[in-house]
Protein chains: 2
Amino acid sequence: MEDRTSAPPGHPQVPASRGDLFSPQCPTRRLLDRVGSKWVAMIVKTLAESGELRYAELKRRTPGISAKVLTQTLRALEQDSLLTRRVEPTIPPAVHYSLTPLGFSLDEPLAMLRNWAETHMPEIDRHHQTANG
Amino acid sequence: MEDRTSAPPGHPQVPASRGDLFSPQCPTRRLLDRVGSKWVAMIVKTLAESGELRYAELKRRTPGISAKVLTQTLRALEQDSLLTRRVEPTIPPAVHYSLTPLGFSLDEPLAMLRNWAETHMPEIDRHHQTANG
């Protein structure tokens, strides 16, 4: 979907204590779009359950994700301080990913949303089939 | 982000009772991407609090949304049976939107995610500024 909420430089209207999704200048709305995706929901759940994982293992446990999208998603999560990357200086280097405490705090709200989607998907899907059939 | 999860015709692998976000063929993952957006988070909260609203009022209470994106978002919510549209046969016709019980059930998980984003946005934003400064 179109995004009209790009931040002004230095985003001067950022409140000090708390964000406001309904304020167009507030970075909360872009943050919500970054974390409210299926890929983030899967990666956060997997890392919350497994602790530290290597890239290839994370890719295997996120069925359907491409290498490009996985790399982009991991980088975005790292930039949001939700994930840390540990490089082991082997040849070739082994890269390990794990959640930060902030990333762990996202697991519960995402689990609620995932649970809602998994619970109601069959009902919603039946409506689609009725509407199209 | 790239989406490799388009549904096969008739999506034959839909489980009868419950979805699975980790199954690439399952419509749950597309559903999660549809409902996990900032616009849906705002529209569901506004309708959950206000009951039935007209298009113009909904647009006013969703600051920053364009007419095109609002229309697309409302149509997607209606197709997912989360929202109903009531047309009053006045001239011009008045269109009223309200949540279905299914739409109401989405309010709580989205409120958790919105609350997480609003609470942690300042901390995440500080990390961005430190990283870029």
Side-chain angles (χ1 to χ4, degrees), chain A residues 1-2 4-5 11 14-24 26-33 35-39 41-42 45 61-66 68-69 72-73 79-82 102 105-106 108-110 112-125 127-129 131, chain B residues 1-2 4-5 10-11 14-24 26-33 35-39 41-42 45 61-66 68-69 72-73 79-82 102 105-106 108-110 112-125 127-128 131:
Chain A
M1 281 185 196
E2 193 180 343
R4 303 206 156 197
T5 54
H11 19 101
V14 176
S17 58
R18 193 178 162 82
D20 176 9
L21 179 65
F22 285 80
S23 165
C26 181
T28 295
R29 41 173 74 192
R30 292 192 312 287
L31 176 60
L32 200 143
D33 272 354
V35 300
S37 81
K38 60 178 174 295
W39 301 129
M42 282 187 254
K45 179 177 196 283
R61 299 224 207 157
T62 315
I65 201 165
S66 67
K68 183 184 161 191
V69 171
Q72 285 172 345
T73 306
Q79 284 168 351
D80 283 335
S81 308
L82 300 173
L102 193 59
S105 74
L106 180 57
E108 193 190 349
L110 282 185
M112 295 261 313
L113 191 61
R114 184 187 65 247
N115 189 46
W116 180 90
E118 291 181 336
T119 302
H120 295 290
M121 187 283 300
E123 182 180 351
I124 290 173
D125 208 52
H127 286 294
H128 287 192
Q129 288 171 3
Chain B
M1 276 184 198
E2 193 180 341
R4 305 211 156 195
T5 53
H11 18 101
V14 176
S17 58
R18 196 180 159 82
D20 175 9
L21 179 65
F22 285 81
S23 164
C26 181
T28 295
R29 41 172 76 193
R30 292 192 314 285
L31 176 61
L32 201 142
D33 272 353
V35 300
S37 81
K38 60 178 174 297
W39 301 129
M42 282 187 255
K45 178 178 196 283
R61 301 224 207 156
T62 315
I65 201 166
S66 68
K68 183 184 161 190
V69 171
Q72 284 171 346
T73 307
Q79 284 169 350
D80 283 337
S81 307
L82 300 172
L102 194 58
S105 75
L106 180 56
E108 193 190 349
L110 282 186
M112 295 260 314
L113 191 61
R114 184 186 66 247
N115 189 47
W116 180 89
E118 291 182 335
T119 302
H120 295 290
M121 186 281 302
E123 181 180 351
I124 290 172
D125 208 54
H127 287 294
H128 287 191

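All values below come from the heavy atoms of this structure, side chains included, with hydrogens, waters and symmetry mates left out. The sequence lines fix the lettering, A, B, ..., with proteins before strands; numbering per chain opens at 1. In this text the structure is predicted, and so the values were computed from the model without any measurement.
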Practice task
Below 4.5 Å from any heavy atom of chain A, which atoms of B/Leu31 appear? Answer side chain, backbone, both or neither.
Solution key: side chain
[Y] and [X], any side-chain heavy atoms less than 4.5 Å apart:
X: A/Val35; Y: B/His120; result: no
X: A/Arg29; Y: B/Met42; result: yes
X: A/Arg61; Y: B/Phe22; result: no

Practice task
Below 4.5 Å from any heavy atom of chain B, which atoms of A/Leu106 appear? Answer side chain, backbone, both or neither.
Solution key: both
Practice task
Using a cut-off of under 4.5 Å on heavy-atom pairs, state which of B/Gln79, B/Met112, B/Glu123, B/Lys45 scores highest against chain A.
Solution key: B/Met112
Problem - Which of B/Leu102, B/Thr119, B/Leu82 touches chain A most, by non-hydrogen pairs under 4.5 Å - result: B/Leu102
Testing the basics here: between [X] and [Y], what is the closest heavy-atom pair and its distance to 0.1 Å?
X: A/Gly36; Y: B/Leu113; result: CA-CD2, 4.2 Å
X: A/Pro27; Y: B/Met121; result: CG-SD, 3.7 Å
X: B/Asp33; Y: A/Ser37; result: OD1-CA, 3.2 Å
X: B/Glu118; Y: A/Thr28; result: CG-CG2, 3.7 Å
X: B/Leu32; Y: A/Lys38; result: CD2-N, 3.7 Å
X: B/Gly64; Y: A/Pro24; result: N-CG, 4.4 Å

Handout entry: Derivation and outcome, side-chain hydrogen bond (donor to acceptor under 3.5 Å, both in side chains), residues A/Asp80 and B/His128
Key = CA-CA 7 Å; A/Asp80 283 335; B/His128 287 191; 2.7 Å; yes
Handout entry: Euclidean distance, B/Ile124 CD1 relative to A/Arg30 CZ, rounded to 0.5 Å
Key = 12.0 Å
